Protein chains: 2
Amino acid sequence: MTDTAPAPPKRTRARQQRAEDTRQAILDAATIEFADNGYDGAATRAVAARAGVNQPLVTYHFGSKEGLWRAVIQALIADYRAQYEAHLTEVTDLEPVARLRVIQEEFIRFSANGTVFHQIMAHVARKPSEQLTWMVEEYLRDVYETRAELIRAAQAAGKYVAGDPFHLQYLFLGAVTRIYLLAAEVEQVAGFSPSDPDFLDEHVRVCLSLFFRD
Amino acid sequence: MTDTAPAPPKRTRARQQRAEDTRQAILDAATIEFADNGYDGAATRAVAARAGVNQPLVTYHFGSKEGLWRAVIQALIADYRAQYEAHLTEVTDLEPVARLRVIQEEFIRFSANGTVFHQIMAHVARKPSEQLTWMVEEYLRDVYETRAELIRAAQAAGKYVAGDPFHLQYLFLGAVTRIYLLAAEVEQVAGFSPSDPDFLDEHVRVCLSLFFRD
DNA sequence: GTCTATATTATGATAGAC
DNA sequence: GTCTATCATAATATAGAC
């Protein structure tokens, strides 16, 4: 169970760049494989094949399958945080209710864009683990508490449904994302595809209308 | 890939009963293992150990791992349908809005009771498969369409949030169930446990308040 | 860094005694 | 029906050439 980082490469700039490209290709491939098949279902061979390299190279770059998994999660969090914080600074001057609305709408559009994040979270957040604790302390708690403050403000203004702010955030999360995670079922049962661009605007409208009141 | 039913046992009544007990023990164990670890993550050895028997007996009773999986799903559907239909007859004399309310409340309580069903559906309903098609045609479509009718009636009476009835059902499903599927994260982030009995009544209240209007 | 070849382990399935 | 023993396969990880 050696999941240490790879030995520090000291080569030319071109070689370093090529290695970095390989690493990134493996990471991208692994993200898809993990999201599609879960941790156990994803094979390092399949990851390697998708990335166009051979299997031992995965171990070389990430130490182990476990190390690869961690790297995927960290990259996803980094993406999410970047997108989220970019939007945060953009709305600091709005009043709380409008800010909450923008943040939640942005979350819906983020979720529609890539379900990988939520697919992987569905695997991680089910039962306690070191990974989960790390994610909560490193990132999630902060996000949830910031939004809880905004929800309290919106509730005080009579503009948001009543209830515990954390509880409400999970209802919102579920309402927004579950339909994407059940995409195949939705197509067969309801006859429309959640990934259809036309669907997104309506999804935003309805999800927000559930929680915002006036 | 032989997943045929086991050879018909022709023995004494006592022997038949013992075999049936074994079969049921394996089925119960498999339900837990599949829910906890997914299809790939669940090992037939672990199932056998949990059921207190040895591994080849699983193959004997269910033909293959795939056969075991199907048996688990069918048993879950049967439970759900029994509980759902029991309630349906009980409310046929109510007016549509009240009936919808009872049905949706019952769904929340069912979901809280056992998350196994939703954990497994999360695996099945992500991408197209024979399993999914079978479930949709055999059962899901009917449930969703019945409820869609009730939602239309409630909307016409101005008692339910506007939107496509199928779309709304998936929002409802997500709001109700996702918090249970992320139980470990919820405990760490929000500090309460969704499985806490006190939580359930509040969960019912808030979920219904999101969708029902007056 | 990237490759081929291989060791090691875990798992689903089978054979055959009782 | 249930067991023990074993096979066949697939997957992670390692060794070593280039």
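None of the values given here were measured: they were computed from a predicted structure. Each chain gets a letter, A, B and so on, in the order the sequences are listed, and its residues count up from 1.
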Value in whole Å for how far the [atom2] atom of [N] lies from [atom1] of [X]:
| X | N | atom1 | atom2 | value |
| --- | --- | --- | --- | --- |
| B:Arg45 | C:dT14 | CZ | C1' | 12 Å |
| B:Arg23 | D:dT2 | CZ | P | 12 Å |
| A:Asn37 | D:dA11 | CG | C1' | 14 Å |
| B:Glu20 | D:dT2 | CD | C1' | 16 Å |
| B:Gln55 | D:dT6 | CD | P | 15 Å |

Looking at [X], does any N or O in its side chain come under 4.0 Å of the phosphate oxygens OP1/OP2 on [N]?
| X | N | result |
| --- | --- | --- |
| B:Asn54 | D:dT2 | no |
| A:Thr22 | C:dT2 | yes |
| A:Thr44 | D:dA11 | no |

Run the salt-bridge test on B:Glu137 and B:Arg141 with the 4.0 Å N-O cut-off and return the result as yes or no.
yes

Would A:Glu149 and A:Arg152 pass as an ion pair if we require N to O under 4.0 Å?
yes

Applying salt bridge (charged side-chain N to carboxylate O under 4.0 Å, His left out), run through B:Glu66 and B:Arg70 and close with a yes or a no.
CA-CA 6 Å; B:Glu66 171 76 16; B:Arg70 278 210 269 267; 3.1 Å; yes

Under 3.5 Å, side chain of B:Thr115 to main-chain N/O of B:Ser111, donor-acceptor pair present?
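Judged by distance alone, no pair lies under 3.5 Å.
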
Side chain of A:Ser64 (C-beta onward), nearest among D:dC3, D:dA13, D:dT2
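Per side-chain heavy atoms of A:Ser64, the pick is D:dA13.
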
